[in-house]
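Hydrogens, waters and symmetry mates play no part in the numbers below; they use all other heavy atoms, side chains included. Numbering of residues begins at 1 and proceeds along the displayed sequence.
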Amino acid sequence: MYSRVFSENTSIDVWPKIAIVLKKTDEVLEKLRPKNGEITDRFLKKWRHIICFFTVSRLLGSFDFSDRDFICFDTDTFTEDQIRNSWEFIFNFLDKDLNKGKWTKKGQVIALCMLAEKHLGITRSQRIEKNTDFGVMNIKLSSISSVSLDFALKVKELLPVQPWKPGQHKIISKSLNCTDNEYFSAVELLIDEGLVNRQKDGVVYDSDGNVLCFDPERVDPQSMMLFDKYYD
């Protein structure tokens, strides 16, 4: 834990914010805890991280936020009503079945975030697909990491011309001996700095959302959507 708190890749300033949102979430979840005795003391452990992440994402308007975004996050907006709103959305999404545990699977979380993007306008649900730390719902706010511009520029030196092919992140991560999360944080920083363009599903966009180019091997030029064979 010491190495994570004092990691060079994560600002120590995120931890007080994490403590606040976790404490507020636990307080509300205790009020929401079912009284029928079917849910044990693992209730908080199973629910706190997804509720925290989902609520912060709703308030920031994106599932893809950096530690800098979180440090600037106003925890006063992280209210009981907002936490309850997240609970109700997820609870309805799960069809009120708390015991099957389907929501702990990565595919279920991706589906939840895609639904939230559609109905709540939370952007960048595709960030969840890139997350490799799942298991029993390990999307934790403490997994947020930042990288330096120097590191991001090293990533840029290895990036080919866009559009990038699938799996490009694995090649560069191996070359730089970094994690996938550090790679994606570096790319996000490069996008923020205007050094590369945002890319989604083989399509490259400028800062105004206009299409710059696309991968003709994967993308239909008429619809700008991936060919069916690239969907699961």
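Taken to the nearest 0.5 Å, the CD1 atom of Ile51 stands 6.0 Å off from the CG atom of Leu29. Atoms CD and CD1, from Glu157 and Ile172 in turn, are 10.5 Å apart once rounded to the nearest 0.5 Å. We find the CD1-CD1 distance between Ile18 and Ile71 to be 9.5 Å, quoted to the nearest 0.5 Å. In this structure, CG in Leu60 is found 10.0 Å from SG in Cys72, a value given to the nearest 0.5 Å. Here Asn197 contributes atom CG and Ile191 contributes atom CD1; the two are 8.0 Å apart, rounded to the nearest 0.5 Å. Considering CD1 of Ile122 and OG of Ser57, their distance stands at 6.0 Å, rounded to 0.5 Å.
The main-chain N or O of Glu80 is never found under 3.5 Å from a side-chain atom of Lys24 such that the two would form a donor-acceptor pair. Within the 3.5 Å criterion, the main-chain N or O of Ala116 finds no donor-acceptor partner in the side chain of Arg58. At distances below 3.5 Å, not a single donor-acceptor pair connects side-chain atoms of Thr75 with backbone N or O atoms of Phe78. In terms of modelled atom types and a separation under 3.5 Å, the side chain of Ser175 and the main chain of Ile171 share no donor-acceptor contact. In terms of modelled atom types and a separation under 3.5 Å, the side chain of Gln162 and the main chain of Val196 share no donor-acceptor contact. At distances below 3.5 Å, at least one donor-acceptor pair connects side-chain atoms of Thr77 with backbone N or O atoms of Asp74. Side-chain atoms of Thr25 do not come within 3.5 Å of backbone N or O of His49 as any donor-acceptor pair. Judged purely by atom type and a 3.5 angstrom limit, Asp26 has no side-chain atom pairing as donor or acceptor with the backbone of Lys23. Looking only at distances, no side-chain donor or acceptor of Ser62 sits under 3.5 Å from a matching main-chain atom of Phe65. With Asp206 contributing its side chain and Asn210 its backbone, the two residues share a donor-acceptor pair below 3.5 Å.
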- Item | Evaluation steps, side-chain contact (heavy atoms from CB on, under 4.5 Å), between Lys156 and Leu189 | CA-CA 10 Å; Lys156 185 178 184 299; Leu189 179 55; over 6 Å; no
- Message: Set out, in order, the CA-CA distance, both residues' side-chain angles and the distance that settles side-chain contact (heavy atoms from CB on, under 4.5 Å) for Tyr205 and Gln199, then state yes or no.
- Response: CA-CA 6 Å; Tyr205 303 89; Gln199 179 174 327; over 6 Å; no
- Show your working on side-chain contact (heavy atoms from CB on, under 4.5 Å) between Cys178 and Phe151 and close with a plain yes or no. CA-CA 10 Å; Cys178 67; Phe151 175 77; 3.6 Å; yes
- Task: With salt bridge (charged side-chain N to carboxylate O under 4.0 Å, His left out) as the test, would you mind laying out the steps for Glu188 and Arg124 before giving the verdict?
- Result: CA-CA 12 Å; Glu188 193 64 30; Arg124 301 285 294 167; 3.5 Å; yes
- For the pair Ile110 and Met114, evaluate side-chain contact (heavy atoms from CB on, under 4.5 Å) and give the outcome as yes or no after the intermediate values. CA-CA 6 Å; Ile110 291 172; Met114 290 179 65; 3.8 Å; yes
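Taking the six-membered ring for Trp and thresholds of 30 and 60 degrees, Tyr183 and His169 have ring planes inclined between 30 and 60 degrees apart. A tilted orientation is assigned to the rings of Phe63 and Phe54, their planes being inclined by 30° to 60°.
No side-chain heavy atom of Val211 sits less than 4.5 Å from a side-chain heavy atom of Val204. Contact check for Trp87 versus Thr55: no side-chain heavy atoms found under the 4.5 Å cut-off. For the pair Thr123/Asp64, no side-chain contact is recorded, criterion being any heavy-atom separation below 4.5 Å from C-beta on. When side chains are defined from C-beta on, Leu176 counts as touching Val155, because their heavy atoms get closer than 4.5 Å. The shortest distance between side-chain heavy atoms of Pro163 and Phe214 does not fall below 4.5 Å. At a threshold of 4.5 Å between non-hydrogen side-chain atoms, the residues Phe89 and Leu120 count as touching. Between Glu182 and Ser173 there is no side-chain heavy-atom pair separated by less than 4.5 Å. Side-chain contact between Val203 and Asp215 is absent, with no heavy atoms from C-beta onward closer than 4.5 Å.
Within a 6.0 Å sphere centred on NZ of Lys165, heavy atoms belonging to other residues, nucleotides or ligands number more than 12.
Taking a cutoff of 4.0 Å between a charged side-chain nitrogen and a carboxylate oxygen, Glu30 and Arg33 qualify as a salt bridge.
Put simply, Leu59 and Ile20 are part of two different groups of oily side chains (I, L, V, M, F, W, Y) that touch within less than 4.5 Å, one to the next. When hydrophobic clusters are built by joining Ile, Leu, Val, Met, Phe, Trp and Tyr residues whose side-chain heavy atoms come closer than 4.5 Å, directly or via intermediates, Leu195 is not grouped with Leu212.
Summarising the geometry of Arg218 relative to Trp164, their closest heavy-atom pair is NH2-O, 3.2 Å, with the distance given to 0.1 Å.
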